[in-house]
There are 2 protein chains.
Amino acid sequence: MKNIEDYKNEFKKKGLKLTGQRLKVLKVIQERPREHLSAEEIYSLVKEDDPGIGIATVYRTLSLLENMQLVKKIHLYDDYMRYEAVEPDEEHEHHHLICNYCGTIKDIHEDLLEDLEKNVEQKTGFQVHNHRVLLFGTCKSCALENK
Amino acid sequence: MKNIEDYKNEFKKKGLKLTGQRLKVLKVIQERPREHLSAEEIYSLVKEDDPGIGIATVYRTLSLLENMQLVKKIHLYDDYMRYEAVEPDEEHEHHHLICNYCGTIKDIHEDLLEDLEKNVEQKTGFQVHNHRVLLFGTCKSCALENK
DNA sequence: CTACTTGCAAACGTTTTGCATTTGA
DNA sequence: TCAAATGCAAAACGTTTGCAAGTAG
């Protein structure tokens with residue numbers, strides 16, 4: 001999934017239109033792959049290009065993109081829902097390191113729990129399809145500052 | 001932490017009062033250790049005993065109990081914040097198995113990631129203090145139904 | 001007694017919706 | 001052409017707050 005034509009086809013399949021607004025929202029998210037943007041942040045970034053856009057459109061677009069699996073909605077550490085681009089070749093979710101001091105979020109792309117998933121399935125009969133891991137602690141620079 | 005006197009002392013230390021409303025909220029949560037109740041659910045459960053209670057009191061009590069570490073506020077899979085009793089001898093958080101079909105949440109109390117935490121610290125310099133794991137999949141009974 | 005707590009209603013911030021208008025295909 | 005999409009404003013949602021009245025200690 002890369003160029004505009006691909007997206008157009010994805011939309012067409014479902015009888016949807018690839019409007020300028022939708023393209024701009026998608027672009028803003030994809031250009032910032034590690035920023036975990038909130039709806040409000042996406043809104044103001046898109047507004048720079050398109051001052052007329054309404055926040056309702058942003059929300060409607062976000063839930064559309066979520067349904068189309070182009071964007072993932074996550075809850076991390078605070079009271080906001082955040083959005084990140086789905087990386088198409090990622091089999092499982094990636095995970096997040098959250099610093100308790102400065103709030104920085106770092107992604108880790110290792111698949112952490114493959115063994116564990118099998119283990120849980122055997123013990124409980126629950127078939128695990130995916131996992132999400134949050135690691136809380138102190139990032140390198142905060143550790144140095146507070147030493 | 002078990003009987004009312006213990007709680008009374010905990011509150012007294014901070015100049016707080018252990019009112020009937022606070023006790024009822026605490027009781028409702030502690031009697032349902034695996035139910036991950038939302039504020040609204042807690043409100044209606046307490047109302048059965050005390051129809052006059054206001055939802056503002058429930059929210060104020062919940063954030064008080066959270067600060068006192070008697071209750072933990074978590075976000076699982078939907079748009080609600082949920083509350084569960086803190087289990088006093090639990091060193092790390094426990095984790096959650098979430099069924100994609102019926103929404104059931106099961107707790108698992110194993111400490112899943114001790115090795116991994118060390119691994120991440122070595123690789124990234126991020127000191128991990130705690131972790132939260134969500135496992136998504138299909139629970140036993142849904143697997144049987146949809147077979 | 002009196003500081004802490006409550007219930008109520010109003011306010012809050014984020015997200016959703018209704019509707020008349022515009023637009024992409 | 002016309003269903004789909006937009007912008008606006010109003011509503012909805014869970015949560016918080018101000019305030020006068022009530023209450024635990």
Side-chain angles (χ1 to χ4, degrees), chain A residues 4-26 28-29 36-47 49-68 70-83, chain B residues 4-26 28 36-47 49-68 70-71 73-83:
Chain A
I4 297 181
E5 282 312 311
D6 287 338
Y7 289 127
K8 264 199 185 132
N9 288 335
E10 272 286 300
F11 277 76
K12 202 193 238 169
K13 261 193 268 172
K14 313 201 165 153
L16 301 169
K17 295 173 188 171
L18 186 51
T19 62
Q21 291 95 327
R22 288 176 177 175
L23 212 53
K24 281 168 195 157
V25 168
L26 191 51
V28 158
I29 297 171
H36 315 95
L37 302 164
S38 68
E40 206 71 36
E41 287 164 347
I42 292 165
Y43 174 55
S44 38
L45 286 167
V46 175
K47 247 184 156 167
D49 253 77
D50 179 356
I53 196 171
I55 193 150
T57 301
V58 172
Y59 277 107
R60 280 187 282 231
T61 301
L62 287 172
S63 78
L64 191 77
L65 295 176
E66 200 196 351
N67 290 336
M68 297 176 75
L70 297 173
V71 152
K72 194 176 291 171
K73 183 181 176 183
I74 46 169
H75 181 271
L76 294 172
Y77 62 102
D78 60 8
D79 292 338
Y80 295 84
M81 297 306 295
R82 293 173 180 281
Y83 299 83
Chain B
I4 297 182
E5 282 313 310
D6 286 338
Y7 289 127
K8 263 198 184 133
N9 288 334
E10 273 285 299
F11 277 76
K12 201 193 239 168
K13 261 194 266 171
K14 315 203 164 152
L16 300 170
K17 295 174 184 169
L18 186 50
T19 62
Q21 291 95 326
R22 286 176 178 176
L23 213 51
K24 280 168 197 158
V25 169
L26 190 51
V28 158
H36 315 94
L37 302 164
S38 67
E40 207 72 37
E41 288 164 347
I42 292 164
Y43 174 55
S44 37
L45 286 167
V46 175
K47 247 184 156 169
D49 252 78
D50 179 355
I53 195 171
I55 193 151
T57 301
V58 171
Y59 277 107
R60 281 187 282 232
T61 301
L62 287 172
S63 79
L64 191 76
L65 296 176
E66 199 195 352
N67 289 336
M68 298 175 74
L70 297 173
V71 151
K73 183 180 175 182
I74 48 168
H75 181 271
L76 293 173
Y77 62 104
D78 60 8
D79 293 338
Y80 297 83
M81 297 307 294
R82 295 175 179 278
Y83 299 84

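Labels below follow one simple rule: chain letters A, B, ... track the order of the sequence lines, proteins then strands, and each chain is numbered from 1.
Between A:Tyr43 and A:Ile53, the closest heavy-atom pair is CE1-O, 3.5 Å. Here the closest heavy-atom approach between residue A:Tyr83 and residue A:Ser38 is recorded as CD1-C, 4.4 Å. Among all heavy-atom pairs drawn from A:Leu62 and A:Ala39, the shortest one is CD1-CB, 4.0 Å. Here the closest heavy-atom approach between residue A:Leu37 and residue A:Ile29 is recorded as CD1-CA, 4.5 Å. Heavy-atom minimum distance, B:His75 versus B:Tyr80: CD2-O, 3.8 Å.
Residues of residues 14-21 of chain A that place a heavy atom closer than 4.0 Å to DNA chain D, in numerical order, are A:Gly15, A:Leu16, A:Lys17, A:Thr19, A:Gln21. Listed by residue number, the members of residues 49-58 of chain A with any heavy atom below 4.0 angstrom from DNA chain D are A:Gly52, A:Ile53, A:Gly54, A:Ala56, A:Thr57.
Going from atom OH of A:Tyr59 over to atom C1' of C:dG18 covers 18 Å, rounded to whole Å. A:Lys24 has its NZ atom 13 Å from the C1' atom of C:dT23, to the nearest Å. One can place NZ of B:Lys47 at 13 Å from C1' of C:dC8, the figure rounded to the nearest angstrom. Here D:dG25 presents its P atom at 10 Å from CZ of B:Phe11, a figure rounded to the nearest Å. As rounded to whole Å, 11 Å separates atom C1' of D:dA4 from atom CZ of A:Arg60. Rounded to whole Å, the distance from CG on A:Leu37 to C1' on C:dT15 is 17 Å. Distance NZ (A:Lys12) to P (D:dA5): 14 Å, rounded to an integer number of Å. Residue B:Glu5 contributes atom CD, which lies 14 Å from atom C1' of D:dA24 at whole-angstrom precision.
Residue B:Phe11 holds its CZ atom at 4.0 Å from CE of B:Met68, rounded to the nearest 0.5 Å. Here the NZ atom belonging to A:Lys8 is positioned 8.5 Å from the CG atom belonging to A:Leu23, to the nearest 0.5 angstrom.
Legend: residues meeting salt bridge (charged side-chain N to carboxylate O under 4.0 Å, His left out) with B:Lys14, ordered by chain and number and at least two apart, are absent. Residues passing the salt bridge (charged side-chain N to carboxylate O under 4.0 Å, His left out) test with B:Glu41, sequence neighbours excluded: B:Arg82. Under the salt bridge (charged side-chain N to carboxylate O under 4.0 Å, His left out) criterion, B:Asp50 pairs with B:Lys24, not counting sequence neighbours.
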Under the side chain to side chain contact (heavy atoms under 4.5 Å, CB included) criterion, do A:Leu16 and A:Arg22 qualify, and how do the steps go? CA-CA 11 Å; A:Leu16 301 169; A:Arg22 288 176 177 175; 4.1 Å; yes
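Rounded to 10°, the helix from C:dC1-D:dG25 to C:dA25-D:dT1 has 30° between the axis fitted to its first five pairs and the one fitted to its last five.
Nucleic acid contact for A:Arg22: sugar-phosphate only, since backbone atoms but no base atoms lie under 4.0 Å from a heavy atom of the residue.
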